[in-house]
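Quick note: numbers below take in every heavy atom, side chains included, and nothing from hydrogens, waters or symmetry partners.
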Amino acid sequence: MQLVVTLLFGLVIPIIAYGLVFPSAVRVNSVAQFTIAFAGSATIAAVILLTRMIRYPGVSHAGTILPAFGSAYGIVLAALLFLRTPYSNTILILCFSGSVAVQYAIAALSKQSMNPMHYVVPGGRASAISNLRGCKSQIWSSPDIPLPKGTLIVADLHFDHADAWERRLAEAALDGVPIFHYKQVLEAQTGRVQIDHLSENVLGALIPSSSYHGVKRAVDLIGVLVALPLFAPLLLVAAIAIKLDSRGPVFFQQERVGFRTRRFKVLKFRTMRPSPEPGDDNSRDVGAAMTLGGDERITRVGRWMRRTRIDELPQIWNIFRGDMSWIGPRPEALSLSEWYANEIPFYAYRHIVRPGISGWAQVNQGHVTDLEDVHTKLQYDFFYVKHFSYWIDIIIAVRTIAVVFNGFGAK
C-alpha cells in the first residue's frame with residue numbers, strides 16, 4: 001500500500017502536472033520517458049528498503065527516508081553517468097522530491113498509531129514491560145475487565161496462570177486480539193535479545209545462515225578494494241598527526257577474540273600514550289584493557305580520532321585477512337573476553353559471526369565498561385545474530401555514518 005501511494009502521489013501525479021505545463025517534455029521526449037522509468041525503479045527500491053529498515057527497533061521512519069531514497073537515487077544516477085545515457089535532471093529531481101515528500105507525510109500520519117497500549121497480564125516476568133521507556137503499558141488487573149479496541153496483550157506465556165486468565169487469553173485470541181510473549185515485546189522495543197537458557201533457542205537456528213556468510217565475505221573484500229584508495233590520503237594524514245602529537249608507534253596492536261573464538265591481532269591507530277612498562281599494549285590485565293570516560297592516557301589527536309572513529313580504519317587490513325568484517329559485534333581484548341565469559345553465561349555465542357568495525361551494539365549503546373553494560377551489549381549482539389542478514393547490515397552502515405558525525409558513544 002505504501003509503495004502504491006508513493007508511486008501515485010510521488011511520481012504519477014507530479015509527472016502528469018509537469019506534462020500539462022510542458023507537454024512535449026514528457027509525451028514526445030524519449031529522454032524524459034527513460035528518466036521516468038529509472039526514477040520509478042529507484043523509488044520502488046527505496047520504498048522496499050525503507051519498509052524493511054523501519055521494522056527494526058530504534059530505527060526512525062522519518063530519519064531513514066533521506067538515507068534510503070538518497071542511496072537508491074544515487075545508485076541510479078551513478079548508473080546513468082556510467083552508461084553515459086542522456087537523462088532529465090528536472091524530472092529526476094521532481095520524482096525524488098515528490099517521493100520523499102510523500103514518505104514524510106506517511107511517517108507523520110503513521111506515527112500516531114505506532115505505539116498502542118500494551119495490557120500486561122500479571123504473573124511471571126511480564127511486568128518487565130512496565131519499565132520500558134516509550135512503551136505505553138498498563139497492568140491488566142482482572143480478567144473480567146474488558147479491553148479497549150486497538151490494544152495488545154502481553155504475558156509471560158511460560159508462567160502457570162490461573163484458569164480464569166487462561167480462559168480469558170483464549171477468548172481474546174478468538175476475538176483477534178494480538179497476544180505476545182513478554183520477550184517478544186522486549187526485543188521489538190529495545191533491539192535486544194535476552195537468553196536465560198540456550199536450550200530455549202529463542203534465536204531460531206543456532207547457526208546463522210552459512211550462505212549469507214559467503215555473500216558477506218565477498219562484499220567485505222569488494223568494500224576493501226573500494227575503500228582503500230579512498231581512505232589512503234586520510235590514513236597518511238592520521239599517521240603523520242600521531243607522530244607529531246606524541247612519542248610512540250603509529251599503530252596499536254592487541255590480541256582479540258574473533259570468529260569462532262579464533263585469536264587475532266587487531267590493528268588500530270594509536271590513540272593513547274605508550275605505557276611505561278613494555279608489553280602493556282597486549283596486557284592481559286582487565287583494568288588496563290578498559291578505556292574509561294575521560295581517560296588521561298588518551299592523546300589530543302587520539303581523542304579526536306576516537307570521536308570520528310578514524311582510529312578504526314587500519315582494521316581494513318583485518319577485514320582483508322578475514323579476521324573481521326565491516327559489520328558485526330566488536331572484537332574484545334583477550335583479557336576482557338575471558339573475564340566476560342567467566343561472568344556472563346552464553347557470552348562465547350557472540351563469536352558465531354565475524355566481529356566488525358561497527359555493530360548493532362555500537363550504534364545503539366556506544367562504548368561500555370562495567371559488567372551490567374556488557375550484559376546489555378551482549379543482548380544487542382544476540383539480536384544481530386538472530387537477524388543476521390543484509391538488511392540489518394544496511395541499517396548499521398547507515399546509522400554508523402550518523403555516529404561518525406555526532407560522536408555517539410566515543411571514549
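Remark: Tyr104 engages no residue in a ring pair (Phe, Tyr, Trp, His ring centres under 6.0 Å) (not counting sequence neighbours). Pro143 meets the side chain to side chain contact (heavy atoms under 4.5 Å, CB included) test with Ala164, Trp165, Arg168; sequence neighbours excluded. For Arg167, there are no side-chain hydrogen bond (donor to acceptor under 3.5 Å, both in side chains) partners two or more places apart in sequence or in a different chain. Listed by chain and number, the residues in a side chain to side chain contact (heavy atoms under 4.5 Å, CB included) with Ser71 amount to none (sequence neighbours excluded). Residues meeting the side-chain hydrogen bond (donor to acceptor under 3.5 Å, both in side chains) test with Ser127, sequence neighbours left out: none. Listed by chain and number, the residues in a ring pair (Phe, Tyr, Trp, His ring centres under 6.0 Å) with Tyr384 are Phe388 (sequence neighbours excluded). When the side chain to side chain contact (heavy atoms under 4.5 Å, CB included) test is applied to Asp156, the partners found at least two apart in sequence or on another chain are Arg125, Ala126, His158, Phe159, His181, Tyr182. In this structure, Tyr87 has no ring pair (Phe, Tyr, Trp, His ring centres under 6.0 Å) partners at least two apart in sequence or on a different chain. Under the ring pair (Phe, Tyr, Trp, His ring centres under 6.0 Å) criterion, Trp317 pairs with Phe320, sequence neighbours left out. With sequence neighbours excluded, the residues satisfying side-chain hydrogen bond (donor to acceptor under 3.5 Å, both in side chains) with Tyr73 are Thr43.
One finds a salt bridge joining Glu312 and Lys268 here, because a Lys/Arg side-chain nitrogen approaches an Asp/Glu carboxylate oxygen to under 4.0 Å.
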Apply side chain to side chain contact (heavy atoms under 4.5 Å, CB included) to residues Lys377 and Gln362 and explain how you reach the verdict.
CA-CA 8 Å; Lys377 177 184 176 182; Gln362 281 63 48; 3.8 Å; yes

Step by step, would you call Phe252 with Phe269 a ring pair (Phe, Tyr, Trp, His ring centres under 6.0 Å)?
CA-CA 6 Å; Phe252 166 81; Phe269 279 128; over 10 Å; no

Using side chain to side chain contact (heavy atoms under 4.5 Å, CB included), reason through Ile316 and Trp326 one step at a time and then give a plain yes or no.
CA-CA 8 Å; Ile316 293 175; Trp326 288 101; 3.8 Å; yes

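The CG atom of Leu3 sits 11.0 Å away from the CG atom of Leu8 when rounded to the nearest 0.5 Å.
Residue Arg321 qualifies as open at atom CZ: its count of foreign heavy atoms under 6.0 Å is 12 or below. More than 12 heavy-atom neighbours from other residues, nucleotides or ligands sit within 6.0 angstrom of CG on Asn342.
Ring geometry, Tyr349 versus Phe382: the interplanar angle falls from 30° to 60°, so the pair is classed tilted.
In this structure the side chain of Phe383 never reaches within 4.5 angstrom of the side chain of Thr190, judged on heavy atoms. Residues Gln379 and Val193 have side chains not in contact (no heavy-atom distance under 4.5 Å, counting atoms from C-beta outward). The side-chain heavy atoms of Arg256 and Asp323, taken from C-beta on, include no pair separated by under 4.5 Å. At a threshold of 4.5 Å between non-hydrogen side-chain atoms, the residues Thr6 and Ile106 count as touching. For the pair Ser358/Arg309, no side-chain contact is recorded, criterion being any heavy-atom separation below 4.5 Å from C-beta on.
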What pairs of donor and acceptor atoms, side-chain ones from residues 221-243 against any protein atom, are under 3.5 angstrom apart with sequence neighbours left out?
residue: Lys243; atom: NZ; partner: Gly248; partner atom: O; Å: 3.3

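Judged by the 6.0 Å and 45° rule, Arg399 forms a cation-pi pair with Trp360.
Residue pairs meeting the salt bridge (Lys or Arg N to Asp or Glu O under 4.0 Å) criterion with at least one partner in residues 346-365, sequence neighbours excluded, are Arg350-Asp381.
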